[in-house]
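Each remark here refers to the structure printed beneath this line.
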Amino acid sequence: MNPAMNMSVDPYHDALFHLEHGGVIAYATEAVFGLGCDPDNGQAVAKLLAIKNRPVEKGLILIAASWEQLQPYIAVSEIPAECLAKALASWPGPYTWVMPAQPSTPAWLRGQFSSLAVRVSSHTQVHELCQAFGKPLVSTSANLSGLPPCRTAIEVGEQLAGSVDYILPGVVGGALNPSMIL
């Protein structure tokens, strides 16, 4: 059996194991399956970027269970109060906000920018996964360059078999399009 499709009794256990050991996992989000890894592990991020054939300069999105999980990466004091209020009012939900990054936020997350795209997900499974992991995940759509994003675990297995370390069984939410970037 393909280890990426291994479905144990506790799928979070397997997903967390791979996240903690520098792996890349696929998981359901509000609209599509995402690829994720530990945002603080440069080798894991490099692996994810290689799977996607995505240049590091583009930057990435962090997806989280709560605003508190994102704060270590964000220069909160640089965000105008009214802008922060709008972002917080839109979460949890399918809205990704570009915010000023802390100087300590790794370049492999920011890319060529001094900002970072972040989202607090409304998807139950993403929320539970980030809660169990204790921090946000890198999040990018699960698909090969030029192909549409995967909407099922089976599609992820067909497109990315052998590339990702684990596919977390799940169902995408009802959103038709990936998150809106604001």
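From R119, atom CZ reaches atom OG of S90 across 10.5 Å, with rounding to the nearest 0.5 Å. How far OG1 of T140 is from NZ of K52: 4.0 Å, rounded to the nearest 0.5 Å. Note that OG1 of T124 and CD of E30 are 9.5 Å apart. Values are rounded to the nearest 0.5 Å. Once rounded to the nearest 0.5 Å, the distance linking CD1 of I167 with CD1 of I25 reads 10.5 Å. Atoms CD and SG, on Q159 and C150 in that order, are 3.5 Å from each other to the nearest 0.5 Å. With rounding to the nearest 0.5 angstrom, the OG1 atom of T29 is 11.5 Å from the CG atom of L137.
When side chains are defined from C-beta on, C130 does not count as touching K135, because their heavy atoms never get closer than 4.5 Å. Within the 4.5 Å cutoff, the side chain of Y166 has heavy atoms near those of the P169 side chain. Between H127 and S121, the closest side-chain pair of non-hydrogen atoms is not below 4.5 Å. Side-chain contact between L168 and Y12 is present, with at least one heavy-atom pair separated by less than 4.5 Å. Residues V138 and D38 are not in side-chain contact: their nearest non-hydrogen atoms beyond the backbone lie 4.5 Å or more apart. Taking the side chain as every heavy atom from C-beta outward, C37 and V45 approach each other to under 4.5 Å.
Counting only N and O atoms by type, the side chains of Q125 and Y27 include no donor and acceptor under 3.5 Å apart. A donor-acceptor contact closer than 3.5 angstrom is absent between the side chains of S163 and K47. Side-chain contact, S122 with W91: no donor N or O sits under 3.5 Å from an acceptor N or O.
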Take V164 and L35, measure what side-chain contact (heavy atoms from CB on, under 4.5 Å) needs, and give me the verdict at the end.
CA-CA 8 Å; V164 298; L35 292 181; 3.4 Å; yes
If you apply the rule ring-ring contact (aromatic ring centres under 6.0 Å, His included), what do you find for H21 with F17, and how did you get there? CA-CA 6 Å; H21 291 89; F17 173 84; 4.2 Å; yes
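Nearest approach of V32 to P149, heavy atoms of both residues: CG1-CB, 3.7 Å. The nearest pair of heavy atoms linking S115 to V98 is OG-CG1, 3.4 Å. What you find for A26 and V156 is that their closest heavy atoms are CB-CG1, 3.6 Å.
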Side-chain atoms of residues 70-87: list all donor-acceptor pairs with protein atoms under 3.5 Å, sequence neighbours left out, distances to 0.1 Å.
from : atom 1 : to  : atom 2 : distance (Å)
Y73  : OH     : D40 : OD1    : 3.1
Y73  : OH     : D40 : OD2    : 2.9

I'd like a table of donor-acceptor pairs (distance under 3.5 Å, sequence neighbours excluded) in which one partner is a side-chain atom from residues 53-63, with atom names and distances.
from : atom 1 : to  : atom 2 : distance (Å)
R54  : NE     : G59 : O      : 3.3
R54  : NH2    : G59 : O      : 2.7

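Panel note: side chain D165, backbone H18; no donor-acceptor pair is recorded below 3.5 Å. Put simply, the side chain of R151 gets close to the backbone of A31: a donor and an acceptor are under 3.5 Å apart. A donor-acceptor pair under 3.5 Å is formed between the side chain of W108 and the backbone N or O of P39. Listed for the H123 side chain is a donor-acceptor partner under 3.5 Å among the backbone atoms of V171.
Atom CD of Q43 has 12 or fewer heavy atoms from other residues, nucleotides or ligands within 6.0 Å.
Counting only residues at least two apart or on different chains, no side chain to side chain donor-acceptor pair (under 3.5 Å) pair has a member in residues 98-107.
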